[in-house]
Visitor: 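I am attaching a structure below and will ask some questions about it afterwards.
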Amino acid sequence: MPDKILLLPDNIANQIAAGEVIQRPASAVKELLENAVDAGATEIKLIINDAGKSLIQVIDNGSGMSETDARMCFERHATSKIKNIEDLFQIRTMGFRGEALASIAAVAQVELKTKKANEETAVYIEVENSVVKKQEPVAAPFGTSIAMKNLFFNVPARRNFLKSNAAEMRHIVDEFTRVALSFPSIFFSLISNGQEIFHLEAGSLKQRIVQLLGNNYNAKLVTVKEETDYMNIYGFVGKPETAKKTRGDQYFFVNNRFIKSAYLNHAVMNAYQEMVTTDSFPMYALFIDLDPAVVDVNVHPTKQEIKFEDEKLIYAFVQAAVKHALAQFSVTPTLDFDLDASIQQLPSIQQPFTQKKQDAATSTPIFKGFTQKYQAHFIESSRKGELKHWREFYEGKEAITDERLPNLGASDLATDSGQQPSLISENAELTQLLNTYIVIPTTNGFLLVHQQGAHERVLYERLKSVALGQPIATQRSMFPVTLELVPADASILEEIMPDLNQLGYLIEPFGKNTYVVQGTPADVDQGNEKVVIDTLLEQYKNFSNDMKLSRREKLVRSLARQQAIQSGLRLTEREMQGLVNDLFACEQPNITPDGNPVYLEFKQDQLERMFGKL
Ligand code: ADP
Ligand code: MG
């Protein structure tokens, strides 16, 4: 038997290894920016074309490399940052594994120009497929410029995995933001397709936060600063009123390295307890500095997950520091958790849903119109689980007659809502409870419908069908609202613009990262466009983690949630009727687009059992 084991050629080994470090353009951006930081640069420029798919270039004014180093840096495990294993526990640089440039050179065409301050000429090197193609002396300022072109040109499978330009650009902006936040004393600029979208002068952390995350944080930041022998923490947390509906502007840095930690996030959220609702997320940018010997940053190739020697201690410290900061700046709880007294006085609370009311409802003509003999047929013909479910509320009563429901078939039920029977009687008395729930009497119990969830479902199905057909009519805004967005949000808005138009929003660009809302959907009240769009962008970011959802789906869900009537809104009898009818004309009335129940069913025998009567 011949021997079978071969050593992989370097370029293939590098391509495989590259998969761990360079997943997408943004990973390369991170590595190149960190190299520039490690080289001691005070000015770093990032140039992107085509969301990094065709060009990612980083130009710095750092130390530069000698001719030999310039060739060496593309080798695997080539690093100037550690020499032995002990160094691994005293890491002060961003990089140390010596993998990034080797990985980049394996999956892109790379052009490196670099010069040390004391050298006469710069060296220019071209690398492709891990092989040096060209090397020559050139004239250049000191520092380093690395351009990587056509990422994954030689790994088509990975290239095909890349997302839309807007999505990849968002990842790039995220990485840029993280690095720029951790080094406010370095000038950063980001140029995308020839347009400078960030120009960040060196300054304080506070200035950097406002430059990057938006002016709305100006004067809304609380300083955090605690020092101990074991560790220091500093940075800023947002005042509770700046909390957003989705996680977003939350950053932890350990020894200036951005990290993800659900555990430490929990510590911060704990400090905010009772100041923000559980479903909102305050901004924070917190820097923890401690002896590198007590952190292991080597647990993950991209180093975003790290291990602490004593995690509990750090948790307690972070929590205490943030609490202290919030208390010191006398940021007092702004939310009142008591039930509004006025709610207690509402007639719907004072007068319970009586048997008499229920009897009145069930004796209405529509309930009587149901004939037993058609019921089996009805259930059978409906393969749609939901209508079948709905039928069960009327178990034992007479089914709808054929006159009311001509040729009812499964497909009719599924698609043609106009054909669907109004299963709720126009005369059935509906009751609103707590300005949040609608009680619908059924033949043997009642349904408790959540008004917000119900409306969300109705709007969702309506918007979804619009998204595929005729656009929604737009009403011109009387007072067009201007939206000034951070670049990341602007790129999301650009991405969803065609869909927004279809759904009735007319938004026009108005200079860099600025837009004007010229029109809104005809059937939606004007006045809160800004909130709607802001929330939309926030929610969109939230959903963007969920790869299974299409762009449209995300947008439609978000708008449905936005436009839905809220809990706490008093509804007239007519509004309730309309809503309930619309709900049960839906394909899937029982759950919200997010999968929460829209209504709960209470049957009399269950109730009797609960009262110990059965
Ligand atoms: P690491 O950063 O982990 O050391 P890299 O593959 O990112 O590994 O870089 C390899 C080496 O190339 C670095 O250790 C550094 O010596 C050199 N290098 C990379 N980028 C730059 C730069 N922008 N300026 C100066 N030296 C650089
Ligand atoms: Mg590096």
Side-chain angles (χ1 to χ4, degrees), residues 10-11 13-15 17-23 26-47 56-85 87-108 110-119 122-127 130 132 135 140-148 151 175-176 178-179 182-183 186-189 255-258 292 296-304 306:
D10 272 0
N11 64 328
N14 283 342
Q15 268 184 22
E20 271 194 83
V21 190
I22 310 294
Q23 282 113 15
S27 349
V29 164
K30 168 180 187 285
E31 296 296 338
L32 295 179
L33 291 176
E34 289 185 348
N35 278 349
V37 169
D38 283 347
T42 56
E43 285 183 17
I44 301 175
K45 249 198 237 172
L46 171 63
I47 299 169
I56 298 170
Q57 182 173 16
V58 172
I59 304 172
D60 69 54
N61 64 351
S63 64
M65 283 180 262
S66 71
E67 193 184 324
T68 319
D69 285 352
R71 277 186 81 105
M72 267 291 278
C73 71
F74 295 108
E75 297 292 329
R76 263 176 84 200
H77 314 303
T79 180
S80 56
K81 298 168 195 173
I82 58 172
K83 293 199 170 63
N84 50 46
I85 197 71
D87 291 350
L88 198 52
F89 303 100
Q90 287 305 324
I91 293 290
R92 294 273 174 196
T93 51
M94 295 289 110
F96 57 84
R97 296 166 61 116
E99 288 175 323
L101 292 186
S103 300
I104 286 170
V107 293
V110 181
E111 295 170 15
L112 165 69
K113 224 186 278 177
T114 186
K115 190 175 104 159
K116 290 170 81 88
N118 53 2
E119 306 269 351
V123 52
Y124 173 81
I125 293 184
E126 258 179 51
V127 187
S130 307
V132 175
Q135 176 175 345
F142 72 89
T144 302
S145 155
I146 296 193
M148 50 179 294
L151 178 62
E175 293 293 358
F176 177 86
R178 292 164 184 175
V179 178
S182 35
F183 298 96
I186 299 178
F187 165 87
F188 283 92
S189 138
N255 293 346
N256 257 4
R257 185 188 304 282
F258 170 79
D296 186 354
V297 290
N298 199 26
V299 290
H300 192 265
T302 64
K303 313 177 202 86
Q304 289 192 349
I306 64 173

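Note that the structure is predicted; figures quoted are calculated from it, not measured. Every number for a ligand or one of its atoms is a count from 1 in the order of the listing.
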Visitor: Taking 2.8 Å as the cut-off, does an N/O/S atom of Met94 lie below it from the Mg ion (ligand 2)?
Guide: no
Visitor: Please say which of Ile91, Asn35, Leu88 ends up in a side chain to side chain contact (heavy atoms under 4.5 Å, CB included) with Lys81.
Guide: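 Of Ile91, Asn35, Leu88, side chain to side chain contact (heavy atoms under 4.5 Å, CB included) with Lys81 is met by Asn35 alone.
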Visitor: Within ligand 1, which atoms have a heavy atom of Phe96 less than 4.0 Å away?
Guide: 1 (P), 3 (O)
Visitor: Would you say Asn35 and ligand 1 have an N/O pair spaced under 3.5 Å apart?
Guide: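 Yes: some nitrogen or oxygen of Asn35 is under 3.5 Å from one in ligand 1.
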Visitor: Do Leu112 and Met65 have side-chain heavy atoms sitting under 4.5 Å apart?
Guide: yes
Visitor: Could you identify the single nearest non-hydrogen protein atom to atom 23 (N) of ligand 1 and state the distance to 0.1 Å?
Guide: Asp60 OD2, 2.9 Å
Visitor: Would you check the N or O atoms of Ala102, main chain and side chain alike, for any that come under 3.5 Å of an N or O of ligand 1?
Guide: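 No.
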Visitor: Judged by non-hydrogen atoms, does Met65 sit under 4.0 Å from ligand 1?
Guide: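 Yes.
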Visitor: Kindly compute the distance separating CZ (Arg92) from CG (Asp38), expressed to the nearest 0.5 Å.
Guide: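 If we round to the nearest 0.5 Å, Arg92:CZ and Asp38:CG are 13.0 Å apart.
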Visitor: I need the nearest protein heavy-atom contact for atom 6 (O) of ligand 1: residue, atom name and distance, please.
Guide: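 Scanning the protein heavy atoms, the shortest distance from atom 6 (O) of ligand 1 goes to Leu101 N, 2.9 Å.
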Visitor: Below 3.5 angstrom, do we get any N/O pair linking Thr79 and ligand 1?
Guide: yes
Visitor: Can you find an N/O atom of Ile146 closer than 3.5 Å to an N/O atom of ligand 1?
Guide: no
Visitor: At what distance is the nearest protein heavy atom to atom 16 (O) of ligand 1, and which residue and atom is it?
Guide: Ser80 OG, 2.5 Å
Visitor: When you measure from atom 3 (O) of ligand 1 to each heavy atom in Gly98, Ser103, Ala78, Ala41, which option holds the nearest one?
Guide: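 Among Gly98, Ser103, Ala78, Ala41, the closest heavy atom to atom 3 (O) of ligand 1 belongs to Gly98.
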Visitor: Got Leu151 and Ile104 here, is their nearest side-chain heavy-atom distance under 4.5 Å?
Guide: no
Visitor: Are Gln57 and Glu111 close enough that a side-chain donor and a side-chain acceptor fall under 3.5 Å?
Guide: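 Note: Gln57 and Glu111 side chains miss the donor-acceptor criterion.
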Visitor: Give me the nearest non-hydrogen protein atom to atom 2 (O) of ligand 1 as residue plus atom name, then the distance to 0.1 Å.
Guide: Lys81 NZ, 2.7 Å
Visitor: For Ser189 and Phe176, which heavy atoms make the closest approach, and how far apart are they?
Guide: O-CE1, 3.8 Å
Visitor: Please could you name the atoms of ligand 1 that Gly95 approaches to less than 4.0 Å, counting only its heavy atoms?
Guide: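 That gives atoms 2 (O), 3 (O) of ligand 1.
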Visitor: Does the side chain of Leu46 come within less than 4.5 Å of Ile56's, by heavy atoms?
Guide: yes
Visitor: Give the atom numbers and elements of ligand 1 that come within less than 4.0 Å of a heavy atom of Ala100.
Guide: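 With Ala100 as reference, the close atoms of ligand 1 come out as 6 (O), 7 (O).
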Visitor: Quick one: pull up CG in Asn61 and CZ in Phe142 and give me the separation to the nearest 0.5 Å.
Guide: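 Asn61 atom CG to Phe142 atom CZ measures 5.5 Å (nearest 0.5 Å).
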Visitor: If you round to the nearest 0.5 Å, how far is CE of Met72 from CD of Glu67?
Guide: 14.0 Å
Visitor: For the residue pair Ser66 / Glu119, report whether a side-chain donor-acceptor contact shorter than 3.5 Å exists.
Guide: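 Distance-only check fails for Glu119 and Ser66.
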Visitor: Using a strict 4.0 Å cut-off to heavy atoms of Cys73, name the atoms of ligand 1 that fall inside it.
Guide: 12 (O)
Visitor: Of all the non-hydrogen atoms in the protein, which one sits nearest to atom 25 (C) of ligand 1, and at what distance?
Guide: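 Protein heavy atom with the smallest distance to atom 25 (C) of ligand 1: Ala39 CB, 3.6 Å.
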Visitor: Just wondering, do Asp10 and Ser130 contact through their side chains at under 4.5 Å, heavy atoms?
Guide: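 They are not in side-chain contact.
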Visitor: Only heavy atoms of Arg97, strictly under 4.0 Å: list the atoms of ligand 1 that pass.
Guide: 3 (O)
